[in-house]
Structures are given as C-alpha cells and as structure tokens.
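Just so we're clear, the structure is a prediction, and the values are computed from it rather than from any experiment. Only this structure's heavy atoms are used, side chains among them; waters, hydrogens and symmetry mates stay out.
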Amino acid sequence: MLDGYQMPEVYTVRSICDLYQGFYNNWNQERLEGAFQELGVLENEWIGNLSRGEYFRVQLALGLAHQADIFLLDEAGLEMESGYPGKSI
C-alpha cells in the first residue's frame, strides 16, 4: 500500500474500484464487497474526504479483490485509527 494519497481525490471509492477492476483478470467483486463490509469502507465516499486510515482500508480492500498470491504488510495496522470498527487483521 502506498503512503499518502495516490488516487485522484475527485473520485468516489466505488469509481476507483470500477477503474481498478478493468486492470485485473482475476478480480473478485464478492471479495471486494466482503472486504468493504469487514473493514467498514463506505463506497460512495469521495477519496479526498477519507481519513488516512480509511484510505489505507480502501487500498487493503483493493488488494484483496484482485486476489494477489502474496501480501507483504509491514506494520499492517499502523495506519488504522483506534476507532476502527472491524476486527483485528
């Protein structure tokens, strides 16, 4: 996951997901929806309005949706806010 905002801030989370979906043949929409639910991601929110922790959760959901074989996470929970509504990762 990238540090800082790399996605256009004028897009919604949903529109970013639709864009990313076109790049991955192994995209799994059900996994994305499940990750959104589990991580508390609001898909109609503007990227520019997301907190740093919310932005990192969007990135994590995108990574899960394209079903990478390996995930390397350094300090995976560091950017999650203390009020994170989900379970531990």
Side-chain angles (χ1 to χ4, degrees):
M1 293 185 282
L2 302 172
D3 189 17
Y5 290 93
Q6 303 295 324
M7 297 177 197
E9 296 182 10
V10 296
Y11 285 84
T12 63
V13 171
R14 169 56 55 204
S15 61
I16 288 291
C17 293
D18 292 343
L19 176 68
Y20 274 54
Q21 182 177 4
F23 290 103
Y24 298 101
N25 293 331
N26 57 344
W27 186 266
N28 185 321
Q29 189 66 29
E30 289 179 16
R31 184 175 274 185
L32 177 71
E33 300 298 331
F36 278 177
Q37 198 167 41
E38 191 73 25
L39 298 169
V41 173
L42 302 174
E43 61 186 271
N44 293 321
E45 190 62 64
W46 296 99
I47 294 293
N49 291 342
L50 298 176
S51 69
R52 188 175 174 107
E54 290 168 331
Y55 182 77
F56 277 92
R57 291 197 300 271
V58 168
Q59 289 187 57
L60 180 58
L62 288 169
L64 293 170
H66 77 267
Q67 305 184 87
D69 292 330
I70 298 173
F71 286 93
L72 301 176
L73 304 173
D74 181 28
E75 301 180 50
L78 183 63
E79 296 299 332
M80 305 286 182
E81 289 105 354
S82 60
Y84 165 62
K87 301 170 187 162
S88 61
I89 299 174

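- Expressed to the nearest 0.5 Å, how far CG of L62 lies from CZ of F36 amounts to 6.5 Å.
- One hydrophobic cluster, built from ILVMFWY side chains closer than 4.5 Å, cannot hold both V10 and L42; they sit in different ones.
- When side chains are defined from C-beta on, N44 does not count as touching V13, because their heavy atoms never get closer than 4.5 Å.
- Contact between L32 and A65 at its shortest, heavy atoms only, is CB-CB, 3.7 Å.
- Residues meeting the side-chain hydrogen bond (donor to acceptor under 3.5 Å, both in side chains) test with Q21, sequence neighbours left out: none.
- Across all their heavy atoms, N49 and E54 have their closest contact at O-OE1, 4.2 Å.
- For W46, the side-chain hydrogen bond (donor to acceptor under 3.5 Å, both in side chains) test picks out no residue, with sequence neighbours left out.
- Y24 pairs by the ring pair (Phe, Tyr, Trp, His ring centres under 6.0 Å) definition with H66, not counting sequence neighbours.
- Within the model, atoms CD of Q59 and CD1 of I16 stand 10.5 Å from one another, a figure rounded to the nearest 0.5 Å.
- Applying the side-chain hydrogen bond (donor to acceptor under 3.5 Å, both in side chains) criterion to Q29, with sequence neighbours excluded, gives W27, E33.
- Qualifying salt bridge (charged side-chain N to carboxylate O under 4.0 Å, His left out) partners for E43, counting only residues two or more places apart in sequence or in other chains: R14.
- One hydrophobic cluster holds both Y55 and Y20 under the rule that ILVMFWY side chains link at heavy-atom gaps under 4.5 Å.
- Applying the 6.0 Å contact sphere to CG of N25 captures no more than 12 heavy atoms from other residues, nucleotides or ligands.
- With contacts defined as side-chain heavy-atom distances shorter than 4.5 Å, the pair S15/L19 does not qualify.
- Qualifying side-chain hydrogen bond (donor to acceptor under 3.5 Å, both in side chains) partners for Q67, counting only residues two or more places apart in sequence or in other chains: none.
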